Asks: 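Starting off with a structure, shown below.
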Amino acid sequence: MLFGRTIEVLEKTLDALSLRQEVIANNIANVNTPGYRRKEVTFEEELKEALSEKRKRIKGFITNPRHIPIPQPEITLRSVKPDVWERDDLYFRNDKNGVDIDLELAELAKNAMKQAAVSRVLSRRFAILGIVMGRR
């Protein structure tokens with residue numbers, strides 16, 4: 001393959017960043033909703049683990065049926081999926097709303113810059129592929 005798994009990594013990253021953009025927009029839309037809990041998207045650690053040459057492998061023994069089996073399934077690039085979770089430990093107002101509008105706007109700008117950078121890299125990869133195939 002011409003670019004190895006670079007295109008797949010960029011595609012997964014762009015999908016996760018798009019989901020994060022939606023979640024942040026939803027947080028901003030609910031800034032005045034009493035009891036709303038702020039949501040976040042995480043995927044970077046799982047992606048880093050999937051791309052790592054040295055995977056963390058821990059061996060464990062099950063001595064109780066409620067124990068989690070170790071080693072856990074290996075994280076592969078195909079299995080990496082963004083995770084949406086609620087922050088229920090932060091409240092900024094008496095109505096138990098967990099949205100800080102300044103933080104959300106900063107996260108929105110940061111995420112938009114990441115999306116633009118990943119899109120630019122992906123676009124250049126496809127442009128190189130087009131040159132290799134003889135298109136201009």
Side-chain angles (χ1 to χ4, degrees):
M1 180 169 242
L2 186 60
F3 296 116
R5 54 187 187 174
T6 304
I7 299 276
E8 189 177 1
V9 170
L10 292 171
E11 180 186 356
K12 287 223 175 248
T13 303
L14 205 53
D15 288 345
L17 291 173
S18 295
L19 177 63
R20 181 176 285 157
Q21 198 79 0
E22 288 177 27
V23 167
I24 292 171
N26 196 34
N27 287 342
I28 291 172
N30 286 294
V31 70
N32 291 323
T33 304
Y36 180 80
R37 294 178 178 171
R38 179 178 188 271
K39 293 180 178 65
E40 290 183 3
V41 174
T42 57
F43 70 97
E44 288 92 349
E45 288 298 319
E46 200 171 329
L47 183 62
K48 189 186 297 182
E49 173 73 22
L51 297 175
S52 173
E53 295 295 325
K54 297 168 78 180
R55 297 202 165 90
K56 298 173 190 169
R57 305 294 295 192
I58 300 172
K59 292 182 180 176
F61 300 97
I62 296 176
T63 57
N64 186 314
R66 293 180 293 176
H67 287 170
I68 297 171
I70 298 175
Q72 294 181 342
E74 186 175 342
I75 297 174
T76 62
L77 188 56
R78 290 185 185 258
S79 70
V80 172
K81 292 188 174 137
D83 187 27
V84 179
W85 57 284
E86 287 184 358
R87 292 285 309 241
D88 58 354
D89 57 339
L90 293 175
Y91 300 112
F92 297 100
R93 299 190 319 229
N94 289 336
D95 63 358
K96 302 274 187 187
N97 183 305
V99 177
D100 178 3
I101 191 68
D102 294 331
L103 176 69
E104 298 300 330
L105 292 175
E107 290 293 325
L108 189 71
K110 187 167 74 175
N111 197 59
M113 285 190 282
K114 285 181 181 177
Q115 271 186 313
V118 172
S119 296
R120 195 173 312 125
V121 171
L122 194 57
S123 173
R124 287 185 181 170
R125 293 286 178 167
F126 282 122
I128 291 170
L129 190 59
I131 290 169
V132 169
M133 294 174 64
R135 291 188 212 151
R136 292 212 163 216

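Keep in mind it's a predicted model, so treat the numbers as computed, not measured.
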Asks: Any chance you could measure K110, atom NZ, to L17, atom CG, to the nearest 0.5 Å?
Replies: 11.0 Å

Asks: Say whether Y36 and D95, considering side chains only, have a donor N or O and an acceptor N or O under 3.5 Å apart.
Replies: no

Asks: Using 0.5 Å steps for rounding, measure from the CZ atom of R125 to the CG atom of L10.
Replies: 7.0 Å

Asks: Would you compute the distance between atom CG of L19 and atom CG of L14 and round it to the nearest 0.5 angstrom?
Replies: 12.0 Å

Asks: Which pairs count as side chain to side chain donor-acceptor pair (under 3.5 Å) when at least one residue sits in residues 9-18, sequence neighbours excluded?
Replies: S18-Q115

Asks: If hydrophobic clusters are built by linking Ile, Leu, Val, Met, Phe, Trp and Tyr wherever their side-chain heavy atoms come under 4.5 Å apart, do W85 and L47 end up in the same one?
Replies: no

Asks: Run the numbers on R20 and K114 for side-chain contact (heavy atoms from CB on, under 4.5 Å), then give the verdict.
Replies: CA-CA 11 Å; R20 181 176 285 157; K114 285 181 181 177; 4.0 Å; yes

Asks: With a 4.0 Å cut-off on N to O distance, would you call R38 and E104 a salt bridge?
Replies: yes

Asks: Are the side chain of N97 and the backbone of N30 linked by a donor-acceptor contact shorter than 3.5 Å?
Replies: yes

Asks: Out of curiosity, E107 CD to Q21 CD, how far, rounded to the nearest 0.5 Å?
Replies: 10.5 Å

Asks: Without placing hydrogens or testing angles, list every side-chain donor-acceptor pair under 3.5 Å for residues 77-84, not counting sequence neighbours.
Replies:
{"residue": "S79", "atom": "OG", "partner": "T76", "partner atom": "N", "Å": "2.9"}
{"residue": "S79", "atom": "OG", "partner": "T76", "partner atom": "O", "Å": "2.9"}
{"residue": "S79", "atom": "OG", "partner": "T76", "partner atom": "OG1", "Å": "3.4"}

Asks: Using the rule given for side-chain contact (heavy atoms from CB on, under 4.5 Å), can you reason through I7 versus L122, listing the C-alpha separation, both sets of side-chain angles and the distance that settles it, and then say yes or no?
Replies: CA-CA 7 Å; I7 299 276; L122 194 57; 4.1 Å; yes

Asks: Hey, any chance L51 and F43 share a hydrophobic cluster, counting ILVMFWY side chains that come within less than 4.5 Å of each other, even indirectly?
Replies: yes

Asks: Following the transitive rule for hydrophobic clusters with a side-chain heavy-atom cut-off under 4.5 Å over Ile, Leu, Val, Met, Phe, Trp and Tyr, establish whether V41 and M113 coincide in one cluster.
Replies: no

